[in-house]
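Just follow the structure's listing: the first ligand is 1, and inside any ligand the first atom is 1.
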Amino acid sequence: MRALSSPAALAAGEGTTWLRAGIAVRNHVPGLIGEDEVAAAAARMERFAPLLATLFSGAQWDGRVRSDLIDYPGSDGQWLVKGDHALPMTGSIKARGGVHELLCFIEDIALRHQLLSDDVTALAGPAARAVFARHRVVVASTGNLGYSIGLVGRALGLATEIHMSHEAKAWKKERLRELGATVVEHPGDYSDTVAAARQSALGQPDTAFIDDERSRHLLTGYAAAADEIAGQLQAKGLSPSVEHPIVVYLPCGVGGAPGGITLGLKRRFGAGVICVFVEPVASACMLLALMEGEGQAPSVYDYGCDNETIADGLAVPRASELVLAAVGNAIDAVVAVPDEAMVAWMRKVWTEAGLRLEPSAAAAFAARDYLIDAATGAPGWPALDCATHLFWATGGSRLPDSEFSPLIGQDEAC
Ligand SMILES: *Cc1c(COP(=O)(O)O)cnc(C)c1O
């Protein structure tokens, strides 16, 4: 074990907070991923919306990957929830980054085979499908990324190979097999599973590997969400500023989803948004990386943590080095929360707001008290009790009753 300000707390399963010292650095976003790249991702999602609408037409949906910004009941507008738990197709935030990367692959194939026309819905037709069927997409996942890539990849007619680490829930694997995806189960953790999947895709013709640890397309797909939220905040008459900051709580696995959103938000609002990453105490890989501050991603096992958590979407032992390089400097705080707090908030949010969240998403709510405790009186930190708090609900609406009900302490029949 290495020396840290509070390694023992993490290893003992206690909530832990890391704060960046001083507000000045919060404006600094490195230029590794350019604004043009994010704009291109947003434009691609817009261009392909009619195709997604055609493939998932049962939903009466225009094909845009958007979610509501919800006022939390009884909070007087101080608590907002970004409802990505109910995103179309996948019911998780992966509909942004994961689907964007899939569309990059599809667009590339379509270009090479002269399948692109003014009408993108033609890509759902038999000629395009026959071409897509000769291509394969490989991905590793703790559950949601694989589920999303399998679901949308199969809808497009691609062959899909989904490598699942041991946390992945049985219902996601079953559902994927029903859709005709190949599911490869691994006994190991997420880092091992990514390495195995990367190896399996290596040198294969007509194969794309969606690399959760290194992909720019994932990051830019997530970053495109900043436009959407900016419009929604404006519609509510909110303009984030240093005097009136918005604290955004972002559940973090490898860091791609929260990293992309942070990139987009910081570029727009600078220090007006305070970006807080939230992890399980057992998998606090981003917290450890920032505490270490060497631009490298240490493994949680080296700090006495076991990476065993109820939050399957966040069960990652090592953060993405691409995310650290692209937005590490812009992360204001990381809160590691215990599993019990996630489950308690799942119940509370269900009872008070009727939102069906998975533990990974409920973690966002659990982080607020820890953050306020740590930030109160900390140098360079504003008072947060009067700030607006925005909880990014990253997944859960597709959880079957058999998964959800036991977690919130109800019989399945209820
Ligand atoms: C994937 C996921 C996250 C975190 O995304 P990373 O890119 O791994 O950091 C958070 N919540 C849910 C529900 C997810 O599926």
*Tell me, please, whether Tyr249 has Arg368 positioned over its six-membered ring: NZ or CZ under 6.0 Å from the ring centre and within 45 degrees of its axis?*
no
*Does NZ or CZ of Lys348 fall inside the cone over Trp345's six-membered ring, less than 6.0 Å from its centre and within 45° of the axis?*
yes
*Please state whether Val254 comes within less than 4.0 angstrom of ligand 1, counting heavy atoms only.*
yes
_Could you check whether any heavy atom of Ala361 sits closer than 4.0 Å to an atom of ligand 1, since that is the contact criterion I want to use?_
no
Mind checking whether [X] and [Y] have ring centres under 6.0 Å apart?
X      : Y      : result
Phe391 : Trp79  : yes
His166 : His186 : no
Tyr147 : Trp171 : yes

*Out of Gly97, Pro359, Gly253, who gets a non-hydrogen atom closest to atom 4 (C) of ligand 1?*
Gly253
*Who gets closest to atom 15 (O) of ligand 1 by heavy atom: Glu358, Lys94, His85?*
Lys94
Do any nitrogen or oxygen atoms of [X] lie less than 3.5 angstrom from nitrogen or oxygen atoms of ligand 1?
X      : result
Ile93  : no
Gly395 : no
Tyr222 : no
Pro258 : no

Distance from [atom] to nearest protein heavy atom, with residue and atom:
atom                    : result
atom 12 (C) of ligand 1 : Thr394 OG1, 3.3 Å
atom 10 (C) of ligand 1 : Leu314 CD2, 3.4 Å
atom 5 (O) of ligand 1  : Ala257 CB, 3.5 Å

_Show the nearest heavy-atom pair for residues Lys266 and Cys275, with the distance to one decimal._
CE-SG, 4.0 Å
May I ask you to check whether [X] and [Y] show a side-chain donor-acceptor distance below 3.5 Å?
X      : Y      : answer
Gln78  : Tyr72  : no
Thr309 : Asp339 : yes
His100 : Arg44  : yes

Which of the ligand 1 atoms, numbered from 1, are nearer than 4.0 Å to a heavy atom of [X]:
X      : result
Asn144 : 13 (C), 14 (C), 15 (O)
Gly256 : 6 (P), 7 (O), 9 (O)
Pro251 : 4 (C), 10 (C)
Cys252 : 9 (O)

_Salt-bridge present (Lys82, Asp68; N to O < 4.0 Å)_ = no
